[in-house]
Novice: 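Handing you a structure now.
In what follows, chains carry the letters A, B, and so on, assigned in the order in which the sequence lines appear, proteins first and then strands, with residues in each chain numbered from 1.
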Amino acid sequence: MRQWAVLTVLVLCWMSAGMALATETATRPGATLSPGGSVQGFTSSHGERDGGGSDGLMPVEGATRAPLIEAQSAPASQVMPTGESVPKNDTGDTAWVLISTALVMLMTPGLAFFYGGMVGRRNVLGILMQCFVLLCVISVQWVLYGYSLSFAPGKGFWGGLEWVGLKGVGFTPYKDYAATIPHQLFMMFQGMFAIITPALIIGAFAERMKFSAFMAFMILWTTFVYDPVAHWVWGVGGWLKDLGALDFAGGTVVHINAGIAALMAAIFIGKRNGGGKTILPHNLPFTILGTALLWFGWFGFNAGSSLGANELAINAFVVTNTAAAAAGLSWALLDWVFNEKPTMLGVATGAVAGLVAITPGAGFVSALSAIVIGMFASIFCYLAVTVVKPGFGYDDALDVFGVHCVGGIWGALATGLFASKGVNPAGADGLFFGNPKQFLVQLLAVGGTMIYSFVVSLVIYKIVDVILKVRVSEKDETVGLDLTQHHENAYTILE
Amino acid sequence: MRQWAVLTVLVLCWMSAGMALATETATRPGATLSPGGSVQGFTSSHGERDGGGSDGLMPVEGATRAPLIEAQSAPASQVMPTGESVPKNDTGDTAWVLISTALVMLMTPGLAFFYGGMVGRRNVLGILMQCFVLLCVISVQWVLYGYSLSFAPGKGFWGGLEWVGLKGVGFTPYKDYAATIPHQLFMMFQGMFAIITPALIIGAFAERMKFSAFMAFMILWTTFVYDPVAHWVWGVGGWLKDLGALDFAGGTVVHINAGIAALMAAIFIGKRNGGGKTILPHNLPFTILGTALLWFGWFGFNAGSSLGANELAINAFVVTNTAAAAAGLSWALLDWVFNEKPTMLGVATGAVAGLVAITPGAGFVSALSAIVIGMFASIFCYLAVTVVKPGFGYDDALDVFGVHCVGGIWGALATGLFASKGVNPAGADGLFFGNPKQFLVQLLAVGGTMIYSFVVSLVIYKIVDVILKVRVSEKDETVGLDLTQHHENAYTILE
Amino acid sequence: MRQWAVLTVLVLCWMSAGMALATETATRPGATLSPGGSVQGFTSSHGERDGGGSDGLMPVEGATRAPLIEAQSAPASQVMPTGESVPKNDTGDTAWVLISTALVMLMTPGLAFFYGGMVGRRNVLGILMQCFVLLCVISVQWVLYGYSLSFAPGKGFWGGLEWVGLKGVGFTPYKDYAATIPHQLFMMFQGMFAIITPALIIGAFAERMKFSAFMAFMILWTTFVYDPVAHWVWGVGGWLKDLGALDFAGGTVVHINAGIAALMAAIFIGKRNGGGKTILPHNLPFTILGTALLWFGWFGFNAGSSLGANELAINAFVVTNTAAAAAGLSWALLDWVFNEKPTMLGVATGAVAGLVAITPGAGFVSALSAIVIGMFASIFCYLAVTVVKPGFGYDDALDVFGVHCVGGIWGALATGLFASKGVNPAGADGLFFGNPKQFLVQLLAVGGTMIYSFVVSLVIYKIVDVILKVRVSEKDETVGLDLTQHHENAYTILE
Amino acid sequence: MKLIIAIIKPDRLEAVKQELYKTDVNLMTVNEVLGHGRQMGVTEVYRGVKEMGNLLRKIRLEIAVNEDFVEPTIKAILNGAQTGQIGDGKIFVMDLVECVRIRTEERGTTAIG
Amino acid sequence: MKLIIAIIKPDRLEAVKQELYKTDVNLMTVNEVLGHGRQMGVTEVYRGVKEMGNLLRKIRLEIAVNEDFVEPTIKAILNGAQTGQIGDGKIFVMDLVECVRIRTEERGTTAIG
Amino acid sequence: MKLIIAIIKPDRLEAVKQELYKTDVNLMTVNEVLGHGRQMGVTEVYRGVKEMGNLLRKIRLEIAVNEDFVEPTIKAILNGAQTGQIGDGKIFVMDLVECVRIRTEERGTTAIG
Ligand SMILES: Nc1ncnc2c1ncn2[C@@H]1O[C@H](COP(=O)(O)OP(=O)(O)O)[C@@H](O)[C@H]1O
Ligand SMILES: Nc1ncnc2c1ncn2[C@@H]1O[C@H](COP(=O)(O)OP(=O)(O)O)[C@@H](O)[C@H]1O
Ligand SMILES: Nc1ncnc2c1ncn2[C@@H]1O[C@H](COP(=O)(O)OP(=O)(O)O)[C@@H](O)[C@H]1O
């Protein structure tokens, strides 16, 4: 197939980019200065009580001579004056991250309705159940060992088991992650990300996955795919973090990661009965409700990733809203041009694509860049959904790959294009601001994540398939997952 | 018609009130002392570290010798001691306004469900789409030029173009608007108001407006009606602000403004097919969901308008909840008396009417006054919906005029009655507290806004009608907007 | 009946526990040191500027030498150094409690959907209406006299009328309740609890209570049951508070209290027509939406009960999420074992049971304990719903007793088992941490509340029944409450 | 062969089904309809505007039976559905020319049961 | 006795009901159906994929009448439902062998009205 | 003229429609019903209480045809709907006395197609 050829070429491109970068990095040792990850500090403000005078900086009460927000990387730590080593909680920052955590939690039910509205009436509980069960299972997994695997410091690949059962995860800030909020709050905030990421994948195998297999797959996937990748990008010692990859709120860790696993699942579970027909959403208002909750929750996702009520939060908030809006609009225009009328599902899909695309760059790009990022997010995702999917013929039922992976890739690369130290002095400049290397770093992070996630997800999938059989029987698929997997009907038909 | 005669008399009354006021104002130059707008400062607390000792005042950390919240008006600025000119962000205030901004954003989807549940099954997506598209379009418009038009300082009518593309809108506080939060946050918070205001109008022409015409109308309306009126009331240099009109969170700017434009639209687009029949809500639970989200979001709308986690926020929060409750209750009683049974739609409508009515006075009146304001809000709106609407015969499908304009007028006037410096020393006293002039000022603000908004909206409407034809064809109306304007069905009928 | 015999034995057990405790308390006067109620202070931190250095403590800006959070009990107050008597508002704490208040408000609509989805299509508005009307009525009642009855200080049984109409309830902190937020904010936060508590009862008499009787019952119940019990546990001078009962966020006051009143109502109103058939939820997605809103709002309920953005809030947040998750999971497993398949309604019910169970202990137990508490919450509630209810034969339509009362009892007792001063130094140790007395105190609080609530609820019920007749006619029940009590249809059937 | 159509009150469905089982009639097709008859509807009110709803929810049963089952089926329906109040509904009986069981392609009276 | 089935456009229901009342036909049973006829459906688009919807919402009326009411009823339906446009619908008439009023157990022509 | 009523499985509708088109039968009326037949329902469980659901979603087709279309129509339905498994459904055929096209007021066999 021609399509697979195109794919091969793309992979080759990525590999050469990686090699180019490797060479360059080897020769320029100072390249890793800008820390990746969600906790971008304003390192320039250290020690200044009234840094507020210089534009782009925001003094935080009570952080008198300490850096405003502790940058999580080693270089940033070095600039902190000695004798200032006891970080203190700031009630304002704590309040913002508390509510942000709640907002991110709400995204998982939001996603459940976003997806649930799109499937048939006899599969809606299947979707809701999968989302809710993930909320339950991963919440417990995270406290037991997930947080430790992802964030315990030191190793390049995994975080180790020092923090199992939250041992040592207390209420004083852990300054390498967040200097002004309790460590447990950082843990909980990150936990919500670990919940929604596997939940995103659900859309790919909607209407046809057996529930027991689902459970097994998801627990393994979170442990062996999500936790390590989160460590790479955000954990102290993670290799992508050390490389200087920028991922403010999880473009790579969350969206690309889930999106590529979704593609794998869609390919290997096979088409729905009837051959991957169109979605006929049984309740579009539910999908719109979900979109609204996602958009609302995304303010916590992105603006909360600044881990304080600081100016980075404001920037992330503004660009998040702007990119979502631009992308929604852009999809509406595409629909208007190609299908005569703008559609509600289109605007909703576009908005989500925009939210995905702005995620990695939310703390690095400006509002005007966000408009461009949003606009193109819809264009790329629209192509993925209407051209690429039918072209390759996989049945990614609710377009997880088309929206989250494609949107995430675009977002990660766009961060490498539009990032600006004018927005975030502790970040980096992108290609359009004179730093082509950042773009290559982003490319490397994207590719590395995609390959790892695809391969490991596939291995997990195959293991689960052998033991539990992943797909429901044809009869069960016809009757619907609600009745066959959960013994319930979403709606009464007769009363 | 007798009704139009009544109307004329009302307009004449308003004009004489204006003249009376003009005379009085001319003779008493100190009249503009109390600042209008959303950023009511407690000017009496300037320079007192522990102003907390005196009841009614709340010390904000880090604002040691500065006014707690910067009053936005010139007089208030004068009381600020010199040498205190660098305002600082407060993390607690920032956290509260961040989440308030998210809450106000959620109101637009809330409104979508509030309205969407009330229309027929074949028009629900039409409503949702219009609300969502506004969220997208105005978000972009605001960043590009809307904020500048509304808030760039200096002119009496419009704000000018200095802040186009957010140029110069950074992270340090802009003290004339909000002294303790980043300027961009104030911008974003206000942006959410600019989104929901046009969205309110949607209810008037529900089930019969062409989507292309809708888009054109709304972009023009926001630019030529919302942006200027926001400037009048809240912008530095706005004439209503300078006059001393009190509008805490947008009774005039948002509700009266949208409500009167809605009346215009309802009159000129004409009745729905079948002659403006009753609403038969296709999904009342959606309407209730919308009401819940509106109520929830309104805490951000009103209590967020204090622009900090200060005591004004608390007051606004308490009176918002109280007025909504009292109004919901009051409508239930009206229904009980006149229709034998209290109705759910009635309670929801009443609650919204109460929320509308308390909006302008949220920072100026006490909780007990809020009960009275809420109770009467329902009475006036009930009359508007059951007597005035059938009387005049316009088909304001979802009662935007009857609830938002009437509720808004009552709220603006009630502020002129119940406002008390005991609640907000930086505000003003109302008629019942011995200051009849404030009532006249309020009357003037209401009337000015209504006339401007009605006339300019009408001009925009007519231009759009000539170019695009505003109303859908009769056939399309019968089939419904979902299928004809968006090529989608909200629900599958058969599966 | 055998079941009633079991019940009698249980009551006797409780009484002997009480007597045992009475004896012990008489001999050990220092026993009341640990304050109950929601405002658990970290008394060990008094006077230390940088208490942040000692793990488990969090310094709050501006509370320099005062206890971080004012413990609400007399003993805690004693440790406060003199000369520090002017408490100040903290913007971060205020921001968190503001948004928490909004979150708790959202729980009532959340509950409306949780319940509303479970009833038949012709009774959904009945549920929504009852929830919304409570939101309206109690909001007004609270401002008028409810807050005063519950929280005005001094008496053992009721709070008196000093604070009627919010007289004297201003913006400076009332340090016996919350030292860092405005008093009115504390009032509003507590008001939201007073709303949701009676709303919980609705599920018991779903589909068959006359609306007028409902109104009368609820106003009386809130006044004569909720307000006193809230005073006992949280009010200055309340007898359970003085006894040292631990109830962080309302396990006793809210859940047991409502749950036992629900049982009374279910018994005395009698079975639904058709003999208390199974629930056939007309719209399970609504129930799931409600669950999501409840879970989301519960972060405000529990983590907001720390009354500040402090470490107690973090602890409450983490254990709330963890217990809900563990309980949801546990119910899924029970369903899997006993009914072949895990069900969505089961996970939702379990999650709510877990949220209920963690409520009293949220500020006293660790995350690992929360897993155990959650797991067992589902087990006990599952038994209550599938064994106890059919056994006794009462028709508690939506299992208010089975989930809220049973979950609440388990939570209150579990607090007596798992509470640890390691988590909250101002709390107490439970049985498993070497303090068996705490368990007895908890038992006493549970029993006292149950007996008082059951008896007084019954008296109110009987009075209302005599005057208004509580139950609708059989014909009205058949047609449904929506049409007969509210003259509305939730959905159009034909369009 | 006859096709029996019965319009009954929603809350009588369970009772009618039980009566039909007793009469050995196990096959039927059911749907929800709106009936307009003698029974008055309940007034609806939306924002103060009264709407006289005159269509009421009913259940429609469709049962194909052989000749000798016609009277027992009618009896069973009457037993289950009769409350003596207005709105109890109607039973209509029509001739059935042919009946085919799709699964087996059987026809006529053997296909019916 | 005859059973008249009419398939009409949803927005004509009100008019048809009014016409029937005028003809003294007050009893009927109504439900929502999907019609597939000459009238073309409206294209639907979900994420760029077009779906040609060919089933359109219609209303189905079922009216049992005595012989002399058959023509007046047909007339009334025609009056109310005709717009002259494609999709107006059909009327089918069938023989009714028996009719029973459940409340009173009356049978035949007296039961019908 | 005959009225053919077919009760089929929901997922067979598309296939049946295709078969009918092939047979030149393009007009039909469809709605959702609940069937009670040989096929066992799926147990439902709500909070631990089992409910034996014995009504299953089916699709009901109503097709009016002229005499010579009766057998082809039945064949087409059989072709599209048969899976050989319990629950496949039934076809009922009844006499049609009259048929009116509302748009044109045509009657009889010319009105049917
Ligand atoms: N002639 C008829 N044609 C069609 N449906 C009818 C007819 N008569 C009654 N029905 C149906 O039966 C239902 C009950 O009729 P109604 O007159 O209220 O009952 P009853 O007279 O038996 O008490 C009606 O709502 C309607 O659906
Ligand atoms: N032969 C038929 N059998 C069953 N239903 C029919 C038949 N002919 C028409 N209908 C129903 O009538 C509706 C209107 O038919 P259509 O051909 O669109 O109208 P017309 O030709 O009268 O303008 C169809 O949607 C269908 O529901
Ligand atoms: N005698 C009947 N009267 C009415 N409907 C029937 C009758 N027999 C079958 N049906 C309908 O056909 C459907 C399929 O019947 P079932 O006995 O399950 O199928 P089969 O025996 O053809 O495999 C039933 O669910 C019911 O809706």
Novice: Output the distance between atom CE (B:Met215) and atom CG (A:Leu329), rounded to the nearest 0.5 Å.
Specialist: 5.5 Å

Novice: Measuring from B:His487:NE2 to A:Thr343:OG1, what's the distance to the nearest 0.5 Å?
Specialist: 10.5 Å

Novice: I need the A:Met344 CE to B:Gln130 CD distance, nearest 0.5 Å.
Specialist: 11.0 Å

Novice: Is it the backbone or the side chain of B:Leu144 that comes under 4.5 Å from a heavy atom of chain A, or both, or neither?
Specialist: side chain

Novice: Rounded to the nearest 0.5 Å, what's the gap from CG on A:Asp335 to CD on B:Glu488? Could you check?
Specialist: 7.5 Å

Novice: Can you tell me which portion of A:Pro281 sits under 4.5 Å from chain B's heavy atoms? Options are side chain, backbone, both or neither.
Specialist: backbone

Novice: Could you grab the distance from atom CD1 of B:Ile493 to atom CG of A:Leu280, nearest 0.5 Å is fine?
Specialist: 11.5 Å

Novice: Please name the pair of heavy atoms, one in B:Val140 and one in A:Ala325, separated by the smallest distance, quoted to 0.1 Å.
Specialist: CG2-CB, 4.0 Å

Novice: I'd like to know which of A:Phe299, A:Phe317, A:Phe286 tops the heavy-atom pair count under 4.5 Å against chain B.
Specialist: A:Phe317

Novice: Could you measure the distance from the NZ atom of A:Lys341 to the CG atom of B:Leu481? Nearest 0.5 Å is fine.
Specialist: 10.0 Å

Novice: Please flag which part of A:Val347 lies under 4.5 Å from any non-hydrogen atom of chain B: side chain, backbone, both or neither.
Specialist: side chain

Novice: What part of A:Leu103 gets closer than 4.5 Å to chain B, counting heavy atoms only: side chain, backbone, both or neither?
Specialist: side chain

Novice: Mind ranking A:Ile99, A:Asn339, A:Asn321, A:Leu368 by heavy-atom pairs under 4.5 Å with chain B and telling me who comes out on top?
Specialist: A:Asn321

Novice: Of the backbone (N, CA, C, O) and the side chain (C-beta and beyond), which part of A:Ile288 lies under 4.5 Å from a heavy atom of chain B, both, or neither?
Specialist: both

Novice: For chain A, which candidate among B:Pro109, B:Ser139, B:Ala102 shows the most heavy-atom pairs at distances under 4.5 Å?
Specialist: B:Ala102

Novice: Answer with side chain, backbone, both or neither: which region of B:Leu494 has an atom nearer than 4.5 Å to a non-hydrogen atom of chain A?
Specialist: backbone

Novice: Would you mind checking which part of B:Tyr491 comes under 4.5 Å of any heavy atom in chain A, side chain (CB onward), backbone (N, CA, C, O), both or neither?
Specialist: both

Novice: Quick check on the interface: out of A:Ala351, A:Ala326, A:Pro285, A:Ala367, who has the most heavy-atom pairs with chain B under 4.5 Å?
Specialist: A:Pro285

Novice: Considering only heavy atoms, which portion of B:Leu166 lies under 4.5 Å from any heavy atom of chain A: side chain, backbone, both, or neither?
Specialist: side chain

Novice: With heavy-atom distances below 4.5 Å as the criterion, would you say the side chains of B:Thr94 and A:Asn310 are in contact?
Specialist: no

Novice: So which of B:Asp482, B:Val97, B:Leu106, B:Leu185 has the largest heavy-atom pair count under 4.5 angstrom toward chain A?
Specialist: B:Leu106

Novice: What residue, out of A:Glu340, A:Arg122, A:Arg121, has the most heavy-atom pairs lying under 4.5 Å from chain B?
Specialist: A:Arg121

Novice: Would you kindly say whether A:Asp93 and B:Thr91 are connected by a side-chain donor-acceptor distance under 3.5 Å?
Specialist: no

Novice: Within a strict 4.5 Å, meaning less than it, do heavy atoms of the B:Leu128 and A:Leu284 side chains meet?
Specialist: no

Novice: Considering all heavy atoms of both residues, which atom of A:Val318 and which atom of B:Gln184 are nearest to each other, and what is their separation?
Specialist: CG2-OE1, 3.7 Å

Novice: Please identify, among B:Leu135, B:Thr484, B:Val143, the residue contributing the most non-hydrogen atom pairs under 4.5 Å to chain A.
Specialist: B:Leu135

Novice: What heavy-atom pair brings A:Ala292 and B:Met105 nearest, and what distance separates the two atoms?
Specialist: O-CE, 4.4 Å

Novice: Please rank A:Gly346, A:Pro342, A:Gly328, A:Ala348 by heavy-atom pairs under 4.5 Å with chain B and give me the top one.
Specialist: A:Pro342

Novice: Taking the six-membered ring for Trp, are A:Trp295 and B:Phe132 parallel (under 30°), tilted (30 to 60°) or perpendicular (over 60°)?
Specialist: perpendicular

Novice: For B:Ile181, which atoms come within 4.5 Å of any heavy atom of chain A: side chain, backbone, both, or neither?
Specialist: neither

Novice: If I compare all heavy atoms of A:Ala324 with all of B:Cys136, which pair ends up nearest, and what's the gap?
Specialist: O-SG, 4.5 Å

Novice: Report the C-alpha distance between A:Ile314 and B:Met188 in whole Å, list the side-chain angles of each, state the deciding distance to 0.1 Å, and finish with yes or no for side-chain contact (heavy atoms from CB on, under 4.5 Å).
Specialist: CA-CA 9 Å; A:Ile314 311 303; B:Met188 196 72 260; over 6 Å; no

Novice: More than 12 non-hydrogen atoms from neighbouring residues, nucleotides or ligands closer than 6.0 Å to NZ on B:Lys167, yes or no?
Specialist: no

